[in-house]
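These notes concern the structure reproduced below.
All values below come from the heavy atoms of this structure, side chains included, with hydrogens, waters and symmetry mates left out.
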Amino acid sequence: MLKRLFATRKRPYVPGINRPETIRVDLSGSILTLQMPPHSDYEGFPGEDPPPQVNIYDQDQYVDDSNLPKWRREGKSSFYFMRRDWEFYGPPWRTRPYGTISLGIGIYRYDTLPEGMSCFNPEHFEQICLRSLWYLGPAYPSLGKYLAPINWQLRQLAGATCLYYESHRDCYLSIPLDDRYFLDLDFRYLGYAPVKHCLTNMNTLRDAVLDSVHLEFSATAKERLAEAKHKWPDTRASEHRDPEPWIYPEWRWGNDDKGEEDIVVLKPGSPPPELTS
């Protein structure tokens, strides 16, 4: 409690930050472990701890994007199996937190990935992640115009190339699990002023979680990874990427009474990136 008594925007109090929990999940034989502070939410909403085992090949648990208008369908399915918040508090007499990081961990199945492409091919995986960013950006113009990707980084886990990148308030770590499946850690910031102190503190917590991520592939995943390395021995993902020069569409809100979609495009912007083997 003394730490919170002296908490400030520069040095906020985060419950349990020095007592991280170890999370372990069996993803169809691939073992994911990482450490993070316990969930905290000042309004009392609980977090979602992961199940000990997840069958990534159970098709019934995925939600696809077939309900969206055709131009906004990426052709991938997803489900999230863990959500957690971390509040950044000031002194006890300030009941509301300064800001919050929300983390969601989920699996994506890339249904439209052409034959002959694999998430274990770093060049293909880079295309997949860029395409996903387009569908989170120009395909949702009502959320504003944002540069992406920012702070592009390559990471290695269990011999596979993973990608870290940012877009506005979100930070992502994408990890291949099989030819058409990948794991996604999505950090979302609800920040505070001054921005300098906010980003320093939030990035420090985020990096501590990311640096703790460990993955041991299943025998099947190791076999697929080895096949990809044999098939594409010289393929590499980009070490650096500048934000994409995407043009957002001109649009207006649709009219329900006229049977229009929620977003009506007046002038198309940049098309989504293509997937090429």
(message) Do Ser174 and Leu183 have side chains that approach each other closer than 4.5 Å (heavy atoms only, starting at C-beta)?
(response) no
(message) If I take atom CG from residue Asp186 and atom OG from residue Ser78, how far apart are they, to the nearest 0.5 angstrom?
(response) 11.0 Å
(message) With heavy-atom distances below 4.5 Å as the criterion, would you say the side chains of Trp253 and Val264 are in contact?
(response) no
(request) Return the minimal non-hydrogen interatomic distance between Tyr181 and Ile56, and the atom names on each side. (result) CE2-O, 3.2 Å
(message) When you compare the side chains of Glu166 and Asn151, does any donor N or O come within less than 3.5 Å of an acceptor on the partner?
(response) yes
(request) Decide if atom CZ of Arg19 counts as having more than 12 heavy atoms of other residues, nucleotides or ligands within a radius under 6.0 Å. (result) no
(request) Going by the side chain to side chain contact (heavy atoms under 4.5 Å, CB included) test, name the single residue among Glu87, Arg84, Glu21 that passes it with His39. (result) Arg84
(message) So does His197 get a backbone contact from the side chain of Arg9, meaning a donor-acceptor N/O pair under 3.5 Å?
(response) no
(message) Between Arg24 and His214, is the side-chain contact (heavy atoms from CB on, under 4.5 Å) condition met? List the steps.
(response) CA-CA 10 Å; Arg24 182 185 185 278; His214 178 79; over 6 Å; no
(message) Any donor-acceptor pair under 3.5 Å linking the side-chain atoms of Arg109 with those of Ser77?
(response) yes
Residues 91-98, side-chain donor-acceptor partners within the protein, below 3.5 Å, at least two apart:
unit_1: Arg94; atom_1: NE; unit_2: Arg96; atom_2: O; d: 3.1
unit_1: Arg96; atom_1: NH1; unit_2: Tyr42; atom_2: OH; d: 2.6

(request) Run the numbers on Tyr140 and Tyr248 for ring-ring contact (aromatic ring centres under 6.0 Å, His included), then give the verdict. (result) CA-CA 9 Å; Tyr140 281 87; Tyr248 277 66; over 10 Å; no
(request) Return the orientation label for the Tyr62 and Phe79 ring planes: parallel under 30°, perpendicular over 60°, tilted otherwise. (result) perpendicular
(message) For Phe125, run the ring-ring contact (aromatic ring centres under 6.0 Å, His included) check against Tyr110, Trp232, Phe182, Tyr165 and tell me which one passes.
(response) Phe182
(message) Please give me the minimum heavy-atom distance between Ser218 and Gly29, naming the atom from each residue.
(response) CB-C, 3.4 Å
(message) Membership question, hydrophobic clusters at under 4.5 Å side-chain separation (ILVMFWY): are Leu113 and Leu133 in the same one?
(response) yes
(request) Taking the side chain as every heavy atom from C-beta outward, state whether Cys162 and Pro176 have any pair of such atoms under 4.5 Å apart. (result) yes
(message) Can a side-chain donor-acceptor contact be found between Glu74 and Thr112 if the only test is distance below 3.5 angstrom?
(response) no
(request) Step through the shown structure and confirm whether more than 12 heavy atoms of other residues, nucleotides or ligands are within 6.0 Å of CD on Glu239. (result) no
(request) With the side chain counted from C-beta on, respond yes when Pro249 and Pro141 share a heavy-atom pair under 4.5 Å apart, and no when they do not. (result) yes
(request) Please determine which of Arg236, Arg131, Arg241 meets the salt bridge (charged side-chain N to carboxylate O under 4.0 Å, His left out) test together with Glu126. (result) Arg241
(request) Taking the side chain as every heavy atom from C-beta outward, state whether Thr8 and Phe6 have any pair of such atoms under 4.5 Å apart. (result) no
(request) Find the distance between CZ (Arg224) and CG (Asp178) and round it off to the nearest 0.5 Å. (result) 4.5 Å
(request) Group every Ile, Leu, Val, Met, Phe, Trp and Tyr by side-chain heavy-atom contacts under 4.5 Å, then state whether Ile150 and Leu185 land in the same group. (result) no
(message) Less than 6.0 angstrom from the centroid, inside 45 degrees of the normal: does Arg83 satisfy that with respect to the ring of Tyr80?
(response) yes
(request) Without swapping roles, check the side chain of Glu260 against the backbone of Asn255 for a donor-acceptor pair under 3.5 Å. (result) yes
(message) Quick one, Leu215 and Ile31 - any side-chain contact, counting heavy atoms below 4.5 Å?
(response) no
(request) Give the minimum heavy-atom separation between Tyr192 and Pro12, together with the two atoms involved. (result) OH-CG, 3.8 Å
(message) Let me check something: do Ile107 and Leu103 share a hydrophobic cluster, defined by ILVMFWY side-chain heavy atoms less than 4.5 Å apart, either directly or through other members?
(response) yes
(message) Do Arg4 and Tyr89 form a cation-pi contact, if we require the NZ or CZ to be under 6.0 Å from the six-membered ring centre and within 45 degrees of the ring's axis?
(response) yes
(request) Can you measure from CG (Asp211) to CZ (Arg206) and round to the nearest 0.5 angstrom? (result) 9.5 Å
(message) For Asn121 and Thr161: C-alpha separation, side-chain torsions, deciding distance, then whether side-chain contact (heavy atoms from CB on, under 4.5 Å) applies.
(response) CA-CA 8 Å; Asn121 178 321; Thr161 297; over 6 Å; no
(request) Treating Ile, Leu, Val, Met, Phe, Trp and Tyr as nodes and any side-chain heavy-atom pair under 4.5 angstrom as an edge, say whether Leu157 and Val209 lie in one connected cluster. (result) yes
(request) With Trp86 as reference, evaluate Ile101, Thr100, Asp41 under the side chain to side chain contact (heavy atoms under 4.5 Å, CB included) test and give the passing residue. (result) Ile101
(request) List for me each residue that meets salt bridge (Lys or Arg N to Asp or Glu O under 4.0 Å) alongside Arg169, sequence neighbours excluded, and say none if there are none. (result) none
(request) Look at Arg72 together with Asp262 and state whether they make a salt bridge at an N to O cut-off of under 4.0 Å. (result) yes
(request) May I ask you to check whether Tyr164 and Phe187 place their ring centers less than 6.0 Å from one another? (result) no
(request) Using atom types as modelled and distance alone, determine if a side-chain donor or acceptor of Trp246 lies under 3.5 Å from a backbone N or O of Pro271. (result) no
(message) Distance alone, cut at 3.5 Å: any donor-acceptor contact between the side chains of Ser102 and Asp85?
(response) yes
(request) Flag yes if Leu130 and Leu136 sit in one hydrophobic cluster, no otherwise; membership is Ile, Leu, Val, Met, Phe, Trp, Tyr, and two members link when side-chain heavy atoms are under 4.5 Å apart. (result) yes
(message) I need the Ile105 CD1 to Leu27 CG distance, nearest 0.5 Å.
(response) 9.5 Å
(request) Could you grab the distance from atom CG of Leu266 to atom CH2 of Trp251, nearest 0.5 Å is fine? (result) 9.5 Å
(message) Ignoring hydrogens, what is the shortest heavy-atom contact between Val25 and Ile23? Give both atom names and the distance.
(response) CG2-CG2, 4.1 Å
(message) I'd like to know if the side chain of Gln127 and the backbone of Thr276 have a donor-acceptor N/O pair within less than 3.5 Å.
(response) yes
(message) If I take atom CG from residue Asp26 and atom CG from residue Leu32, how far apart are they, to the nearest 0.5 angstrom?
(response) 10.0 Å
(message) Testing the basics here: between Pro122 and Phe120, what is the closest heavy-atom pair and its distance to 0.1 Å?
(response) CD-O, 3.4 Å
(request) Verify whether one side chain among Glu216 and Ser30 offers a donor that lies under 3.5 Å from an acceptor in the other. (result) no
(message) Are Leu199 and Tyr189 packed together at the side-chain level, in the sense that at least one heavy-atom pair is separated by less than 4.5 angstrom?
(response) yes
(message) What I'd like to find out is whether the side chain of Asp111 reaches to under 4.5 Å of the side chain of Arg180, using heavy atoms alone.
(response) no
(message) Can you give me the closest heavy-atom contact between Met117 and Ser277, atom names plus distance?
(response) CG-CB, 3.6 Å
(message) With a 3.5 Å distance limit and no angle check, can you tell me whether Ser212 reaches the backbone of Gln35 through a side-chain donor-acceptor pair?
(response) yes
(message) Just checking Gln59: does its CD atom have more than 12 heavy atoms from other residues, nucleotides or ligands closer to it than 6.0 angstrom?
(response) yes
(request) Before accepting this row, confirm whether a basic side-chain N of the pair Asp170/Arg188 lies closer than 4.0 Å to the acidic partner's carboxylate O. (result) yes
